[in-house]
Amino acid sequence: MLQYLYCLHFCNRLSLCLFFFLPQICTQPSITPFSGTTSASVAPKYVYTPLNCLKDGTVVNLYGIVKFFKPPYVSKGTDYCSVVTLVDQSNVKLTCTLFNGNLDSLPKIYKNGDIVRFHRVKIREYNGQMQGITSAGFASLTFDGTVGAPVVPRASSKVYTFIDEEQKTVEELRIWAASNLSVSGPEAKLSDVKPMMFFDLTCQLVGKAKVDGSSFLLKVWDGTKCPYPTWKVPVEAKELEGDRVLLHHLRNLTVDVLVYDNHVQLAKSLKIGSFLRIYSIHTKQASAKNEDISSHIEFHLHGGTCYGRGIGILPENNPDVEELKTISILPCSAFCVVCAPVCLSGFVCLHDKDVKKENNSFLISDLESPLQRCQQLSATVLTDHQDMSNTMLKTVLNNRAPQQYRIRAKLRSFKPQKLYQSVKLHCSKCNTLQEVPNGDAFDVILQGCEATAPNPELQSMSWYESVMWTTQDENRRKITIHFVKHYEMLQRPENTLLMIEGGTLKEIWKLTRRFKCVIPVKSKEDDLELLDLSAPFLLQGNIKYYGCKKCSTPKSIKNLSSLAEKREPSWEPTEIAQVLGIEPLQYVFVMKFTLVDGTGALNAYLFDYEKFFQIPASEILTNSFLQQKMEMTMNTLSPPGRKLGKKSNDSINSHVECSDV
DNA sequence: GATTAGGTTTGG
């Protein structure tokens, strides 16, 4: 529980009242932090030793900036090993050699410049220099070293203490590092590689294959294209793991990285689709033995761990991963590559779709199940329909439907002009479309709930643990949070589903930043229940999930416990909807395009969940970056001089709902 | 219960 409340605290201090509430909870003796003593009121005050004051044979606690590190690798003994060199304001360096049999217990360092807090490091003298080494109970926290970034620890243990004062320590180290250290790493994108270099690559794993006993192949991609021809490592087809369709689509974008020796074991264990940082990859120009064969670039991760050579697994919420995901779904190339600037060949080429004739109009629908995002990479997809020749609109109009065409036309106009109006909610059961409720409507429903007092008898049941408090402002609101447990234990916040009673819109959004799922509920006599279905039944990340009022038959909230009992609850919105008896509504783009090519005018209706703009419709209302992308796409498609009226008023940016909360 | 590695690249 303590951990949860700290997390709430990290989540930008949910509210002052919750902040004040924190010490009260900490005094409950049953909740004992592993690293602390019996209660937070007498929490141990950890003392941190500056790096210039270390003495041989002592065990100390340290703070430092990562100057160098080797991501955890399999040692020749029984453990994983990670070597980390720290520096602090004293400008003294300390190299620590850390061992643990459990990968997760080593610091989660992703780049130089990260800030770490080590507890219980043993100091020894080695070769005339101080050296740090793991001692019993070693624990670490790692923080992003970027000035101004949220101070959110990546912990190596489930329970830890982190007090307000320490946030300041982290911020001070960040500021000191910013002006005193240059930690620019050798990062590069595939689009920037040169024939002879060592660099760190942040990428996604698309395929992998055994090559021989001492080497292993990773097929990776980082959303950009290497400007040189790259080598393809020959492997037996049966050894290649990964989605065949995806591997084929991305065949000109993925690069083959051959990893050797000590890296093979880790490489084998990597999951397809995971995000990686491969440290100190070596690019090598293949010697052109035969002049007929143009030389290509090879990517090697040599054996050994010099210069931090190795492979790190990045979590989905890593900022560089977030960036990678965004870059990878840039839509523009789909429209520009083949027939820029205003040709719509991408329009038809991008999807295999049914074209139905209705009153001289064509419905362009995309009702396939959503594909993995990386599968939507645009540039390669266009090649798939090159066997189809273009058809004039006159011919399309005169022919019977349904038929598939590839057309080349200008976009004369489109509706709606206010792009945010193109986002609707669709029920696939009753096939109705409805407007996305705005945030105010949700707020009104939440305010309506304030009158319903939380029922004390519904607190802390077998499958959830509850905390309740009263706000300190004049409203004296009662807020209750029910944390759903997993095997009678609380999970990490990022995996936790919680239910909230009495929170405001703002408080709920803040919780969604830190916790996996938030379900607004209210107390009934003998059970908690969902709010009116005009409100979202679930919030996850930036997305509000709504249910169809007509097709849903809400079931008891207790059914959530069946999902919590799964080995690893995934908390998929569709599963949650199912157990709660909700028919989920899907976000969809609905637009009308009028296309002309000199032989006729054709209305084409777009009905698309995410493929056309390569943007999920569910994310567009809360992500200003994606909104800009969508606008750029429409600007590309729409002829110059006929753009969307006055930009700031008409554009989708005017409909930012909660991205800044 | 000790050991692992102890920063500094390039081969396949």
Side-chain angles (χ1 to χ4, degrees), chain A residues 51 54 56-57 64-87 92-103 105-107 109 111-114 116 118 121-136 138 181-188 193-201 209-218 231-235 256-267 277-287 289 296-312:
Chain A
L51 298 182
L54 299 172
D56 186 16
I65 301 146
V66 176
K67 181 127 174 89
F68 167 83
F69 73 105
K70 294 184 174 183
Y73 59 94
V74 185
S75 77
K76 288 179 184 142
T78 57
D79 291 334
Y80 286 96
C81 175
S82 182
V83 174
V84 184
T85 302
L86 305 181
V87 63
V92 168
K93 285 196 287 178
L94 177 75
T95 298
C96 301
T97 311
L98 310 174
F99 297 103
N100 204 295
N102 177 2
L103 194 63
S105 299
L106 289 169
I109 298 168
K111 52 167 68 170
N112 291 336
D114 279 353
V116 292
F118 289 166
V121 183
K122 186 192 274 182
I123 302 299
R124 289 199 311 213
E125 200 179 309
Y126 176 77
N127 280 349
Q129 279 201 313
M130 289 305 172
Q131 174 197 57
I133 193 157
T134 35
S135 79
F138 171 83
L181 296 176
S182 71
V183 285
S184 59
E187 290 171 48
V193 299
K194 304 207 161 37
M196 276 290 271
M197 66 189 283
F198 290 90
F199 70 104
D200 296 347
L201 178 66
K210 187 187 152 193
V211 178
D212 58 41
S214 67
S215 65
F216 195 83
L217 170 65
L218 299 178
W231 74 328
K232 295 294 164 198
V233 178
V235 290
D256 284 8
V257 181
L258 203 52
V259 313
Y260 296 93
D261 305 337
N262 58 315
H263 307 299
V264 170
Q265 190 182 336
L266 191 75
R277 183 166 287 141
I278 309 181
Y279 299 93
S280 212
I281 289 190
H282 181 209
T283 57
K284 194 179 150 199
Q285 181 122 43
S287 51
K289 290 170 194 154
H296 56 240
I297 284 200
E298 300 177 352
F299 295 84
H300 299 268
L301 185 71
H302 297 293
T305 60
C306 295
Y307 273 87
R309 258 195 321 246
I311 304 170

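- To the nearest 0.5 Å, atoms CG (A:Asp212) and OH (A:Tyr260) are separated by 8.5 Å.
- The base of B:dG12 does not come close enough to the side chain of A:Ser215 for any donor and acceptor atom to sit less than 3.5 Å apart.
- Inter-residue side-chain proximity for A:Phe299 and A:Asp256 is flagged as unmet; no heavy-atom pair is nearer than 4.5 Å.
- The aromatic rings of A:Trp231 and A:His300 sit tilted relative to each other, their planes meeting at an angle between 30° and 60°.
- Within the structure, a side-chain polar atom (N or O) of A:Lys70 is placed less than 4.0 Å from OP1 or OP2 of B:dG6.
- Neither OP1 nor OP2 of B:dG7 sits under 4.0 Å from any side-chain N or O of A:Lys93.
- One donor-acceptor pair, N or O on each side, does fall under 3.5 Å between the base of B:dG12 and the side chain of A:Asp261.
- Distances from the side chain of A:Thr78 to the nucleotides B:dT10, B:dT3, B:dG7 place B:dT3 closest.
- Rounded to whole Å, the P atom of B:dT10 lies 14 Å from the corresponding atom of B:dG6.
- Look at CG on A:Asp200: it is 20 Å from P on B:dG7, rounded to the nearest Å.
- Checked against B:dG12, B:dT9, B:dT10, the side chain of A:Ser280 finds its nearest nucleotide in B:dT9.
- The aromatic ring of A:Phe99 does not stack onto the base of B:dA5, failing the criterion of a centre distance under 5.5 Å from the six-membered base ring together with planes under 30° apart.
- In this structure, the aromatic ring of A:Phe68 is positioned over the six-membered ring of the base of B:dG7, centres within 5.5 Å and planes within 30°.
- Atoms CD1 (A:Ile133) and P (B:dA2) sit 13 Å apart, rounded to a whole Å.
- Between the side chain of A:His302 and the base of B:dT9 there is no donor-acceptor pair of N/O atoms closer than 3.5 Å.
- Each of A:Glu125 and A:Gly303 was assigned the nucleotide of DNA chain B with the nearest heavy atom; the assignment lying further toward the 5' end belongs to A:Glu125.
- Residue A:Phe198 has its side chain nearest to B:dT10 when only B:dT8, B:dT10, B:dA5 are considered.
- In this structure, the side chains of A:Phe199 and A:Thr283 come closer than 4.5 Å at one or more pairs of heavy atoms.
- Looking at heavy-atom distances under 4.0 Å, A:Leu258 makes no contact with the nucleic acid at all.
- Straight-line distance from the CE atom of A:Met197 to the P atom of B:dT10: 17 Å, rounded to whole Å.
- Contact annotation: A:Tyr307 side-chain N/O to B:dT9 OP1/OP2 distance is under 4.0 Å.
- Atom CG of A:Leu86 and atom C1' of B:dG7 are 13 Å apart (whole Å).
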